[in-house]
Amino acid sequence: MKLLLLLTLVGLAQGLQTRVPLRKMKSLRQRLQEQGLLESYLKQHPYNLAAKYFPGIAVEPLENYMDDEYFGTISIGTPPQEFTVVFDTGSSNLWVPSVFCSSPACSNHNRFNPAESSTFLSTNDTLFIAYGTGSMTGVLGYDTVNVAGINVRNQIFGLAETEPGDFFYYTPFDGILGLAFPSIASSGATPVFDNMMIENLVDRHLFSVYLSRDSQGGSFVLFGAIDPYYTTRGITWIPLSAETYWQISMERVSINGAPVACASGCQAIVDTGTTLLAVPIRAFRILSSLLGASSSGEISCAGVNNLPTLIFHIHGKEFPVPPRAYVIRSNGYCTLGLQGMDVPTEEGELWILGDVFIREYYVIFDRANNMVGLSQLP
């Protein structure tokens, strides 16, 4: 028994080395609001979440990260240079600002300096990332990337040289670390987690995510392991319908036993890089009406406790999302954590299960079996 306990403790200690703590910070939207710049920003940068998921688009507009609140720290180079990144299961590239970037958006963020890293390898390959209003350009290079104690050697990443718009001066993150599949990576770059698997740096070919509710701490991404503390209610395994994003098939969405959306089945992407539930515009209008919200999603805070639970039917199981999860409270106002978006796919309409959904479940992204595991949190 003592030996078993010792081995368990050793296993946990080793597992901690692969855990990236995520900090919850003010989102870009909140920062712009505080600076009185939000209205101007939205006029100049039309918010188009759909652009992130159109096939063939290399990567996505930074506007898609406007509401993100969870960020972690990685380092690149020897000696290490630290960066705050979004761990994004909805994209596949790693990129950070570089010292070659003279855009105002880079000026108050950490910038990678290849001259200060003894392990950096340059390339002649350029990186081009299309945005809704301009583009980010840069170069590709190789270096050691450290993620929670895991050293990924010769990892390809983007060094941004231009970033569009003064507004990104206010973003709380430096760059993005994509955790989706190689098939959607820009410039054919091998994603960080793929290299972790190739180099046998993780015990299991999976990673898992816990996002805390409200202002609670403890959020994390865990590479190569499942934390049993968060799976006491069991895990439902759902096969992927495409190996691009973490895409699954959904049967329907219901309220009080009655189907209200996705009645003929649809596709859903589990995306840590999207804060809200992105739903087809028709479904957004139906849900807003049923829940008593305005056309812009505003809702009375007084009646939130009386709202129904949304039930997502996936792989023959029910996954509830209660009103405390899908209603967002901010500065005394309440809004639905839903956003209208139309991206048709060959398999049907597309939903994005962002952080509003993920906060209710411990989510396991299993590359070995191409499945998503969901375990309901208390």
Side-chain angles (χ1 to χ4, degrees), residues 15 18-22 24 52-53 67-72 85-92 147-148 177-181 191-193 196-197 202 204-214 216-250 253 267-278 310-322 325-326 337 350-378:
T18 64
R19 189 181 303 248
V20 184
L22 300 180
K24 194 171 186 186
K52 182 172 182 178
Y53 308 99
D67 294 290
D68 275 11
E69 298 174 317
Y70 300 94
F71 310 101
V85 297
V86 177
F87 285 86
D88 178 20
T89 59
S91 69
S92 297
V147 183
L177 192 154
L179 291 168
F181 286 75
V192 172
F193 189 66
M196 286 186 186
M197 293 188 292
V202 286
R204 300 173 68 180
H205 290 183
L206 55 78
F207 59 92
S208 51
V209 174
Y210 166 72
L211 299 182
S212 63
R213 300 183 183 123
D214 303 320
Q216 299 169 5
S219 302
F220 61 81
V221 181
L222 180 61
F223 290 98
I226 299 169
D227 190 331
Y229 179 82
Y230 298 93
T231 60
T232 54
R233 295 189 175 185
I235 303 169
T236 299
W237 292 102
I238 303 156
L240 298 183
S241 54
E243 294 168 26
T244 49
Y245 305 97
W246 290 92
Q247 184 172 321
I248 56 178
S249 296
M250 189 159 68
V253 177
Q267 294 295 295
I269 291 171
V270 186
D271 185 1
T272 58
T274 297
T275 297
L276 308 179
L277 283 171
L310 300 179
I311 305 294
F312 292 78
H313 299 259
I314 305 170
H315 203 53
K317 298 285 182 70
E318 295 184 358
F319 296 91
V321 176
Y326 68 74
L350 182 65
W351 291 55
I352 310 300
L353 306 181
D355 295 350
V356 165
F357 180 90
I358 294 170
R359 276 192 287 265
E360 296 302 299
Y361 298 91
Y362 182 55
V363 186
I364 303 151
F365 299 86
D366 186 348
R367 282 289 298 274
N369 301 295
N370 289 326
M371 289 186 170
V372 168
L374 296 177
S375 183
Q376 188 172 12
L377 295 167

Run the side-chain contact (heavy atoms from CB on, under 4.5 Å) test on Tyr210 and Leu377 for me, step by step, so that the C-alpha distance in whole Å, both residues' side-chain angles and the decisive distance to 0.1 Å come before the verdict.
CA-CA 9 Å; Tyr210 166 72; Leu377 295 167; 3.6 Å; yes
Stepwise side-chain contact (heavy atoms from CB on, under 4.5 Å) check, Gln267 with Ser249
CA-CA 5 Å; Gln267 294 295 295; Ser249 296; 3.1 Å; yes
Are side-chain heavy atoms of [X] and [Y] found at a separation under 4.5 Å?
| X | Y | answer |
| --- | --- | --- |
| Phe312 | Met250 | yes |
| Phe365 | Leu206 | no |
| Val372 | Leu240 | yes |
| Leu353 | Ile314 | yes |
| Phe357 | Leu277 | yes |
| Leu177 | Phe193 | no |
| Glu360 | Arg213 | yes |

Fit a plane to each ring of Phe207 and Phe223, take the angle between them on a 0 to 90° scale, and name the class: parallel (under 30°), tilted (30 to 60°) or perpendicular (over 60°).
tilted
Parallel under 30°, tilted from 30 to 60°, perpendicular over 60°: which one fits the rings of Tyr361 and Phe319?
perpendicular
Is there a donor-acceptor pair closer than 3.5 Å between any side-chain N or O of [X] and the backbone N or O of [Y]?
| X | Y | value |
| --- | --- | --- |
| Thr89 | Val270 | yes |
| Thr18 | Leu222 | no |
| Ser92 | Phe181 | yes |

Interatomic spacing from [atom1] in [X] to [atom2] in [Y] - rounded to 0.5 Å:
| X | Y | atom1 | atom2 | result |
| --- | --- | --- | --- | --- |
| Gln247 | Asp271 | CD | CG | 11.5 Å |
| Tyr245 | Leu179 | OH | CG | 14.0 Å |
| Ser375 | Ile226 | OG | CD1 | 9.5 Å |
| Ile269 | Ile248 | CD1 | CD1 | 10.0 Å |
| Ile358 | Leu211 | CD1 | CG | 6.0 Å |
| Leu374 | His315 | CG | NE2 | 11.0 Å |

Salt-bridge present (Asp366, Arg204; N to O < 4.0 Å)
no
Does the side chain of Tyr362 pick up a donor-acceptor pair with the side chain of Ser208 at under 3.5 Å?
yes
Show the nearest heavy-atom pair for residues [X] and [Y], with the distance to one decimal.
| X | Y | answer |
| --- | --- | --- |
| Arg367 | Asn370 | O-OD1, 3.4 Å |
| Pro320 | Ile311 | CB-CD1, 3.7 Å |
| Pro239 | Met371 | CA-CG, 3.9 Å |
| Gly90 | Ala180 | C-CB, 4.4 Å |

Taking it one step at a time, do Leu22 and Val221 satisfy side-chain contact (heavy atoms from CB on, under 4.5 Å)?
CA-CA 7 Å; Leu22 300 180; Val221 181; 3.9 Å; yes
What verdict does the side-chain contact (heavy atoms from CB on, under 4.5 Å) test give for Phe220 and Val20, after you've listed the backbone C-alpha separation in whole Å, the side-chain angles of each residue and the deciding distance to 0.1 Å?
CA-CA 5 Å; Phe220 61 81; Val20 184; 5.9 Å; no
Can you list, pair by pair, the side-chain donor-acceptor contacts under 3.5 Å of residues 228-238, counting residues two or more places apart and other chains?
| from | atom 1 | to | atom 2 | distance (Å) |
| --- | --- | --- | --- | --- |
| Thr231 | OG1 | Pro228 | O | 3.2 |

